[in-house]
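Notes for the one structure printed next.
One is the number of the first residue; the rest follow in order along the sequence.
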Amino acid sequence: MEYQWLKTFCIAAETLNFRKASEKLMLSQPSVTVHIRLLEEHLGTPLFERQNNRVSLTDTGKFFLPEAQQIVNRIENSVGKVQAFAQGYRRNWSIAISPLMAETILPNVLRSFMKHHPDVEISIRIEESHQIEQLVEQGEVNIGVSALEAQQRNIQSIPIYEDPILFIMPFDEYDEESGPPIDIKDVLQKNYLFTHHHPVFWDSLLLQLNKHIVSLRTMKVTQAHITKRFIQDGLGVSFLPHSIVRRELIEGKMMQPHFDLFELPSVSTYLIVKRQGDLEIDFIDRISTYYFR
């Protein structure tokens with residue numbers, strides 16, 4: 001029984017369309033048909049029913065599908081391990097990080113970590129903060145970087161950074177000395193406020209804002225990098241952690257006017273870890289150094 005027959009069967013069972021299966025496998029459609037026929041002959045039973053140019057799995061096909069998928073996955077995992085070993089990797093290690101922080105924290109820390117551990121094959125998963133603790137608990141990743149503190153007793157939360165929230169608006173043509181004073185209430189009343197790109201502070205912040213601003217217009221934009229782009233394009237304003245907008249403020253792509261309606265909150269960044277081996281300890285040290293240098 002050939003691996004390619006099993007792979008073709010799995011894709012054909014997924015699509016229930018031999019033409020689409022051939023496109024996914026980058027094979028000719030006759031080759032897909034031949035693979036299925038050879039597999040059926042080898043097993044001694046039909047796997048597909050063919051009626052009016054449509055295919056569906058037989059009961060045997062439905063029974064065999066998870067078995068075939070398990071075999072294909074095992075082979076592909078083994079091939080991946082061999083290829084990684086040939087490239088010099090001797091260990092696998094994975095990180096889950098929220099999209100809010102992936103573009104700011106990870107590149108600098110990862111560069112140093114990878115240089116120090118050339119034998120480690122690193123996998124990065126971009127996940128929402130509320131999913132990261134579960135991934136760590138289930139052992140799907142070795143460590144997480146999250147905006148949320150862990151809730152389970154067997155999971156450790158290590159606070160690594162306290163980030164002030166800033167009011168951010170599009171850059172205008174005036175500098176601080178020549179430009180007119182910015183009226184925060186006026187800006188908020190005339191622009192859309194992009195919300196809910198952070199899992200912690202928005203409910204309480206909106207409650208405070210509604211006490212000061214009449215007819216506040218909000219728009220949910222759940223990704224911080226999209227929020228930044230919208231602000232740069234002059235579509236609205238928002239409140240963002242300082243680390244997320246530090247570069248854009250330095251480069252003059254956005255403005256941080258003085259916000260005097262009330263005191264803005266701060267948010268924390270946490271490392272989420274279940275077991276601290278040598279790689280976890282080194283990563284924690286490096287990310288802590290990055291924040292507190």
Side-chain angles (χ1 to χ4, degrees), residues 1-99 102 117 119-146 150 152 154-155 272-275 277 279-280:
M1 185 163 48
E2 300 287 339
Y3 160 77
Q4 191 59 57
W5 303 351
L6 293 172
K7 178 72 172 180
T8 300
F9 167 66
C10 290
I11 299 300
E14 174 190 320
T15 60
L16 293 178
N17 185 303
F18 285 7
R19 179 184 60 78
K20 290 182 179 178
S22 70
E23 292 173 355
K24 281 195 169 188
L25 292 162
M26 292 185 289
L27 297 171
S28 67
Q29 189 169 333
S31 294
V32 170
T33 303
V34 169
H35 288 172
I36 298 300
R37 177 174 58 78
L38 290 172
L39 181 59
E40 289 177 328
E41 289 178 358
H42 183 84
L43 295 172
T45 183
L47 299 171
F48 290 95
E49 293 177 349
R50 299 159 177 84
Q51 291 183 340
N52 300 324
N53 295 322
R54 293 185 178 183
V55 296
S56 60
L57 286 171
T58 63
D59 289 342
T60 304
K62 293 175 183 176
F63 173 80
F64 183 60
L65 179 58
E67 301 292 330
Q69 289 172 328
Q70 188 175 16
I71 295 169
V72 168
N73 290 339
R74 187 180 302 131
I75 292 172
E76 291 181 346
N77 287 338
S78 296
V79 170
K81 288 178 181 178
V82 170
Q83 291 174 339
F85 187 88
Q87 293 175 42
Y89 296 127
R90 299 296 179 264
R91 289 189 287 177
N92 297 314
W93 196 74
S94 56
I95 308 167
I97 185 167
S98 73
H117 299 283
D119 63 329
V120 176
E121 183 178 21
I122 301 171
S123 301
I124 309 296
R125 292 184 58 165
I126 306 301
E127 304 283 353
E128 296 298 335
S129 286
H130 68 273
Q131 297 173 319
I132 289 176
E133 180 181 356
Q134 184 178 5
L135 293 173
V136 172
E137 199 280 329
Q138 293 175 346
E140 294 190 37
V141 298
N142 297 92
I143 200 166
V145 185
S146 174
Q152 300 181 59
N154 63 328
I155 304 296
I272 309 298
V273 63
K274 189 174 184 178
R275 300 181 185 88
L279 293 176
E280 287 77 23

Side-chain contact, heavy-atom cut-off 4.5 Å: [X] with [Y]?
| X | Y | answer |
| --- | --- | --- |
| I272 | I143 | no |
| V141 | I95 | no |
| V136 | I155 | yes |
| Q4 | L25 | yes |

Measure the spacing between [atom1] of [X] and [atom2] of [Y] and express it to the nearest 0.5 Å.
| X | Y | atom1 | atom2 | answer |
| --- | --- | --- | --- | --- |
| E128 | S98 | CD | OG | 7.5 Å |
| T60 | E49 | OG1 | CD | 9.5 Å |
| L47 | L65 | CG | CG | 9.5 Å |
| N73 | C10 | CG | SG | 7.5 Å |
| N142 | L135 | CG | CG | 11.5 Å |
| I75 | L6 | CD1 | CG | 6.5 Å |

Next on the checklist: Tell me every residue that passes ring-ring contact (aromatic ring centres under 6.0 Å, His included) with F48, counting only those two or more places apart in sequence or in another chain.
Outcome noted: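 For F48 the ring-ring contact (aromatic ring centres under 6.0 Å, His included) partners, ignoring immediate neighbours, are F9, F18.
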
If you count the non-hydrogen atoms of other residues, nucleotides and ligands that lie under 6.0 Å from [atom1] in [X], is the total more than 12?
| X | atom1 | result |
| --- | --- | --- |
| R275 | CZ | no |
| Y3 | OH | yes |
| Q138 | CD | yes |
| Q134 | CD | no |

Item to check | Pairs meeting criterion salt bridge (charged side-chain N to carboxylate O under 4.0 Å, His left out) with involvement of residues 52-62, two or more places apart | outcome: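 Sorted pair list comes back empty.
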
Checklist entry - What's the shortest heavy-atom distance between K274 and E137, and which atoms? => result NZ-O, 2.9 Å

Checklist entry - Can you list the residues that meet the salt bridge (Lys or Arg N to Asp or Glu O under 4.0 Å) rule with E280, with sequence neighbours excluded? => result none

Next on the checklist: Considering only residues two or more places apart or on different chains, which pairs with a residue in residues 120-139 satisfy ring pair (Phe, Tyr, Trp, His ring centres under 6.0 Å)?
Outcome noted: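 Not a single pair qualifies under ring pair (Phe, Tyr, Trp, His ring centres under 6.0 Å).
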
Checklist entry - Can you check side-chain contact (heavy atoms from CB on, under 4.5 Å) on F64 and L39, steps first, answer last? => result CA-CA 11 Å; F64 183 60; L39 181 59; 4.1 Å; yes

Run the side-chain donor-acceptor check on residues 29-38: report pairs under 3.5 Å with partners two or more places apart or on a different chain.
unit_1 : atom_1 : unit_2 : atom_2 : d
S31    : OG     : S28    : OG     : 2.8
T33    : OG1    : Q29    : O      : 3.3
H35    : ND1    : T8     : OG1    : 2.9
R37    : NH1    : E41    : OE2    : 3.1

Checklist outcome for this item: With sequence neighbours left out, the residues meeting side chain to side chain donor-acceptor pair (under 3.5 Å) with E23 are R19

